[in-house]
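Naming: A, B, ... by sequence-line order, numbering from 1 per chain. Model, not experiment: these values are computed from the prediction.
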Amino acid sequence: MTFGPGCHLHLIDGSAFIFRAYHALPPLTRKSDGLPIGAVSGFCNMLQRYVEGNTGSDVTHLAVIFDKGSHTFRNDMYDLYKANRDAMPEDLRPQIPLTRKATEAFNIACKEQAGYEADDIIATLARMAREAGGRCTIISSDKDLMQLVGGGVEMFDAMKNNLIDSEGVEAKFGVGPERVVDVQALAGDSVDNVPGAPGIGVKTAALLINEYGDLETLLDRASEIKQPKRRETLINHREQIELSKRLVTLDDQTPLDYGLDDLEVRDPDPEQLLAFLAEMEFRTLTRRIADTLGAEAPTIEDTPVISADAPEAEAVPFDAAAYEWVKTSEALQLWIDRIYARGYVAVDTETTGLNEMIADLVGVSLCVDAGKACYIPLTHKGGDADDLFGDDTLAEGQMDFATCLSMLKPMLEDPSIVKIGQNMKYDAKIFANEGIAVHPIDDTMLMSYAMNAGLHNHGMDALSDRYLSHTPIPIKPLLGTGKSARTFDRVPVEEAVPYAAEDADITLRLWQYFKPRLHRSQVTKVYETLECPLVPVLAQMERTGVQVDRDTLSRMSNAFAQKMAGLEDEIHKLAGRSFNVGSPKQLGEILFDEMGIEGGKKGKTGAYATGAEVLEDLATEHDLPARVLDWRQLSKLKSTYTDALQDHINPHTGRVHTSYSIAGANTGRLASTDPNLQNIPIRSEEGRRIREAFVAPEGKVLVALDYSQIELRILAHMADIAELKQAFKDGLDIHALTASEMFNVPLDEMTPDVRRQAKAINFGVIYGISGFGLARNLRIPRAEAQGFIDRYFERFPGIKDYMTETKAFAKEHLYVETLFGRKINTPEIAAKGPRAGFAQRAAINAPIQGTAADVIRRAMIRMPDAIADLPAKMLLQVHDELLFEVDADAADALTAVAKEVMENAANPAVHLDVPLIVDAGRGANWAEAH
DNA sequence: GAGTTCACG
DNA sequence: GACGTACGTGAACTCA
């Protein structure tokens with residue numbers, strides 16, 4: 001039927017339905033896997049009620065209109081548009097795509113358009129209906145849609161069962177529909193963050209508009225207004241008011257690739273609808289709709305709840321032969337279509353190496369259904385693999401590189417498609433090299449980390465073995481080892497396809513397994529606020545890198561080599577023969593067997609211990625161990641830092657690019673690898689000079705900001721120690737205060753030595769103090785150390801309580817938690833013997849170290865937006881420190897902004913009873929910045 | 001590849 | 001009563 005006079009179009013505001021449904025219902029979850037489905041259930045019920053209520057009515061055309069993504073042309077106009085909207089609740093997000101599926105299951109047209117709000121599409125369709133001479137009813141009560149009423153267009157509030165026509169609009173706004181935008185422009189809207197005119201509400205706005213006719217006239221004649229305040233407001237805020245009008249005016253010219261005729265009412269297909277409802281496990285609704293349609297209700301199994309830690313066999317077996325080799329753009333397009341139909345895709349990249357800054361993209365794998373995956377080879381080399389000179393011609397059956405990426409790019413960047421990866425930071429960086437910003441993402445490694453930190457590592461092989469009972473195809477045989485090793489682009493495509501596609505398949509299956517379990521483990525918030533958002537931030541920092549001066553390092557290496565050679569001669573003379581100074585075994589034999597020094601202790605492997613502590617004790621009596629200590633320090637500095645760092649300078653960027661592992665440390669800390677830039681020397685004067693090689697480019701400076709005593713502050717808060725909290729509020733020297741309290745020394749009579757001992761105790765407390773450990777650290781008798789600890793607990797009984805309670809919590813739950821809800825599993829807490837001690841101390845430390853890690857993560861996640869307008873880059877994180885590079889003249893501004901972000905990073909999720917204080921430094925290099 | 005040592009917070 | 005012990009990391013080196 002062609003849409004025209006006599007036709008009646010109904011447009012349902014999908015988002016309104018979803019939010020109503022979400023808030024009206026308790027947080028229901030699907031029984032079989034815990035997927036949240038409360039909003040979907042409510043949505044389906046509302047659709048069903050709507051359909052029942054309109055059977056036999058004059059509706060001829062029907063569509064449900066949804067918002068797509070959150071960025072629209074209005075954000076380009078005004079970046080604060082809808083900026084004060086709360087983030088979508090975490091248990092609602094996964095339900096959004098399901099509401100689309102629900103609409104389709106009801107066989108109702110389901111429409112959305114990137115860059116436009118649902119309201120714009122509604123405006124456009126309503127205009128088209130009006131122009132065609134038909135009627136249109138908008139099922140919504142959103143006041144923003146009231147401007148559309150009139151000329152055959154009406155609104156219907158499905159909840160209140162109440163029709164809104166021109167008179168209804170006038171009752172609400174005091175003006176007719178055609179002047180609604182003028183009133184809204186003046187009154188503004190706090191919900192959408194439309195500024196409007198300050199101090200003018202709907203009442204006043206309507207009064208003014210009715211007096212002057214329309215907004216433009218009003219603004220032109222604003223000077224005639226008698227009330228001085230109103231007059232000033234309108235004159236001073238003219239621009240803002242005009243912007244507001246543009247924001248509230250709906251765009252009824254949205255480009256649509258369909259017409260009204262495509263929205264004709266269709267009967268639902270009982271089979272399709274009931275299948276969907278059964279899949280959602282809506283028992284009542286399935287039965288009710290089956291009755292209405294006169295069909296048989298499918299049975300919904302009462303699936304038993306699967307225990308989270310029991311590996312379950314997946315229904316679909318792994319079949320390498322089923323994986324597809326994508327050779328053409330037609331084949332790829334089919335995959336992209338499939339991805340859009342689903343709303344998510346597992347992605348994996350194959351490259352020529354593990355270093356994302358150097359590695360080249362070789363191919364991409366995709367998977368949307370367990371067992372159905374593909375590999376798109378792009379730069380595999382053909383020819384004879386044994387040919388020493390290589391053959392750089394491309395292998396057969398590969399798509400053009402640029403064509404493939406230009407097809408993938410819109411999908412990878414589409415806000416409505418979730419890209420699932422295992423360690424997505426790696427793949428995101430590879431794609432970033434090709435100018436593709438992958439977003440949004442899910443990461444199975446991070447899901448596992450959020451749930452299982454402390455239980456096992458989170459590499460794909462381990463996860464697949466454990467949760468899918470499947471051992472992935474090993475990469476080793478493909479790449480070879482040693483001399484015969486080759487990069488992935490030299491692997492024949494026939495061999496690459498099963499390996500590469502399987503990785504995407506496994507990733508998708510892991511995602512299907514983990515996703516519902518996140519909710520059950522109560523770590524969705526941690527995953528969504530502390531893990532995922534960190535991925536792009538770290539990717540950016542890693543890609544930026546830090547400038548390191550090769551000459552400085554090289555000069556230091558030479559100096560160290562000379563000194564070491566001198567020391568080595570001396571050591572050999574003292575020993576009476578030459579030996580490998582770098583061999584602890586040989587050194588032990590020299591010291592304790594040949595030289596006959598007493599007190600050599602052998603460890604469990606039968607070797608003498610020659611660690612720094614042992615040598616330091618011997619150094620008071622002998623020269624040789626003292627020289628060895630000096631030699632070892634230089635050797636460490638040279639091999640680990642001045643030599644190795646030079647090899648890490650990227651030839652293209654001239655900078656050093658570390659890689660942060662997000663899921664490495666159980667406590668939530670990051671770990672830096674290849675190279676580790678979190679252990680650059682600072683404690684010794686000689687080592688500290690290595691930091692002089694970390695420099696700012698010409699015209700810029702490095703700014704270092706570090707949290708002062710963050711772990712002690714967190715302990716004071718968590719254990720609720722009034723004296724410590726007050727001391728931090730008063731900005732006192734916390735170690736001196738501890739010493740004063742413990743040893744009854746007034747603060748103004750404090751000696752450095754007493755303070756040093758108190759400092760050691762404070763640190764010990766964070767680590768799960770023991771008499772033995774403190775004794776060793778302070779080099780005092782064990783009994784004396786125990787006496788200190790006893791006195792400390794007497795003075796701060798809250799600390800002892802905290803430790804006891806934390807241990808008890810760990811024993812009961814087998815995990816401990818940070819203030820932000822991060823879980824750290826402590827399975828060893830139940831162990832007997834010495835391992836119990838380890839586990840207990842780790843359990844005491846983890847919430848403190850982990851909370852500090854969460855705090856700086858939050859700061860880092862907020863930082864890119866906070867410094868977006870400054871000529872500054874965040875370069876490195878060292879647990880409680882962030883290092884920035886900034887134009888010299890913007891260093892003050894950067895310091896102020898970054899400090900603010902860091903000091904307030906806990907808010908608003910957690911209110912700390914102690915202030916967080918950040919110290920700042922700057923300079924031409926990292927040594928000066930401290 | 002395990003064990004030892006040592007750099008950092 | 002004896003046992004071993006500060007918490008969390010990564011990298012380089014030796015030696016089997």
Side-chain angles (χ1 to χ4, degrees), chain A residues 453-454 579-588 602-616 628-629 631-645 647-648 658-661 664-684 686-688 690-691 706-712 715 760-778 782 785-786 789 803 816 824 826 832-850 852-853 856 876-881 930:
Chain A
F579 68 102
N580 184 351
V581 184
S583 163
K585 184 167 172 268
Q586 293 179 32
L587 176 67
K602 292 186 178 179
K604 43 196 158 201
T605 54
Y608 287 113
T610 69
E613 272 178 60
V614 176
L615 296 188
E616 274 163 29
V628 171
L629 281 170
W631 183 91
R632 279 208 187 145
Q633 195 203 357
L634 296 175
S635 164
K636 180 80 175 182
L637 295 179
K638 182 172 187 290
S639 68
T640 311
Y641 301 104
T642 56
D643 284 354
L645 274 174
D647 299 335
H648 281 287
T658 183
S659 179
Y660 289 101
S661 44
N666 291 334
T667 54
R669 272 196 180 181
L670 302 179
S672 160
T673 64
D674 309 301
N676 181 354
L677 295 185
Q678 289 182 322
N679 70 347
I680 302 302
I682 192 167
R683 293 176 186 168
S684 78
E686 243 173 345
R688 187 192 179 98
I690 291 170
R691 295 190 174 220
D706 67 293
Y707 284 107
S708 161
Q709 310 283 12
I710 186 168
E711 292 191 351
L712 269 180
L715 174 68
I761 296 167
N762 277 335
F763 272 98
V765 166
I766 292 170
Y767 297 152
I769 200 158
S770 76
F772 186 93
L774 184 63
R776 205 175 67 172
N777 190 283
L778 285 176
R782 202 175 148 176
Q786 192 55 53
I789 295 171
M803 295 173 102
V816 291
I824 298 116
T826 57
K832 293 267 176 275
R835 292 189 333 179
F838 275 112
Q840 287 177 13
R841 290 192 297 272
I844 289 165
N845 174 259
I848 305 168
Q849 186 182 119
I856 197 165
L876 299 178
Q877 188 249 44
V878 192
H879 309 308
D880 64 356
E881 169 187 352
H930 256 278

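Here the P atom of nucleotide C:dA12 and the CH2 atom of A:W631 are 15 Å apart, to the nearest Å. Note: NZ (A:K638) to C1' (C:dC13) measures 13 Å, nearest angstrom. C:dG10 atom C1' lies 13 Å from atom OH of A:Y660, rounded to whole Å. The CG atom of A:D880 sits 16 Å away from the P atom of C:dT9 (whole-angstrom rounding). What separates CD1 of A:I680 from C1' of B:dC6 is a distance of 13 Å, to the nearest Å. If you measure from atom CG of A:L587 to atom P of C:dC15, you get 11 Å, rounded to the nearest angstrom. Whole-Å rounding puts the A:E711 CD to C:dT9 C1' distance at 13 Å. The distance from atom CG of A:D643 to atom C1' of B:dC6 is 16 Å, rounded to the nearest whole Å.
At the heavy-atom level, A:A644 lies under 4.0 Å from the strands shown only through sugar-phosphate atoms. Among the atoms of the strands shown, none is found under 4.0 Å from any heavy atom of A:E881. A:N679 comes within contact range of at least one nucleobase, with a heavy-atom separation under 4.0 Å. As judged by a 4.0 angstrom heavy-atom cut-off over every strand, A:I682 is placed among residues touching the sugar-phosphate backbone only. Residue A:N580 is classed as a sugar-phosphate contact, given heavy-atom separations below 4.0 Å to backbone atoms only. Contact annotation for A:S672: backbone-only contact, meaning every heavy-atom pair under 4.0 Å involves sugar-phosphate atoms and none involves a base. Looking at heavy-atom distances under 4.0 Å, A:I848 makes no contact with the nucleic acid at all.
The P atoms of B:dG3 and C:dT5 are separated by 14 Å, rounded to the nearest whole Å. Comparing the P positions of B:dA7 and C:dG4 gives an interatomic distance of 27 Å, to the nearest angstrom. With P as the reference atom, B:dT5 and C:dA6 are 13 Å apart, rounded to whole Å.
Shown here, C:dG8 forms a base pair with B:dC8; the pair counts as Watson-Crick or G-U wobble because both key distances fall under 3.5 Å.
Here the side chain of A:T658 pairs no donor or acceptor atom with the backbone of A:D674 at under 3.5 angstrom. No side-chain donor-acceptor contact under 3.5 Å links A:Y660 to the backbone of A:L876. Put simply, the side chain of A:T640 gets close to the backbone of A:K636: a donor and an acceptor are under 3.5 Å apart. With A:S672 contributing its side chain and A:L677 its backbone, the two residues share a donor-acceptor pair below 3.5 Å.
Taking 4.0 angstrom as the limit, A:S583 places a side-chain polar atom (N or O) nearer than this to OP1 or OP2 of C:dC15. Side-chain N/O atoms of A:T610 include one lying less than 4.0 angstrom from OP1 or OP2 on B:dT5.
The structure places CG of A:N580 at 10.0 Å from CG of A:L587, a figure rounded to the nearest 0.5 Å. With rounding to the nearest 0.5 Å, the separation of CZ in A:R669 from CG in A:D880 is 7.5 Å.
Taking every side-chain heavy atom of A:R683 into account, B:dG9 is the closest of C:dA11, C:dA12, B:dG9. Which of C:dG10, B:dC6, B:dC8 sits closest to the side chain of A:A612 comes down to B:dC6. Nearest nucleotide to the A:K636 side chain, out of B:dG9, C:dC13, C:dG10: C:dG10.
Looking at A:I710 and A:I856, their side chains never come closer than 4.5 Å, going by heavy atoms from C-beta outward.
Just one of A:I844, A:N762, A:I789 meets the side-chain contact (heavy atoms from CB on, under 4.5 Å) condition when paired with A:I769; it is A:I789.
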Quiz prompt | Contact state string [nucleotides 2-8 of chain C, B base, S sugar-phosphate only, - no protein heavy atom under 4.0 Å] | solution = --BBBBB

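Checked for salt-bridge contact, A:E616 and A:R632 miss the test: no charged N lies under 4.0 Å from a carboxylate O.
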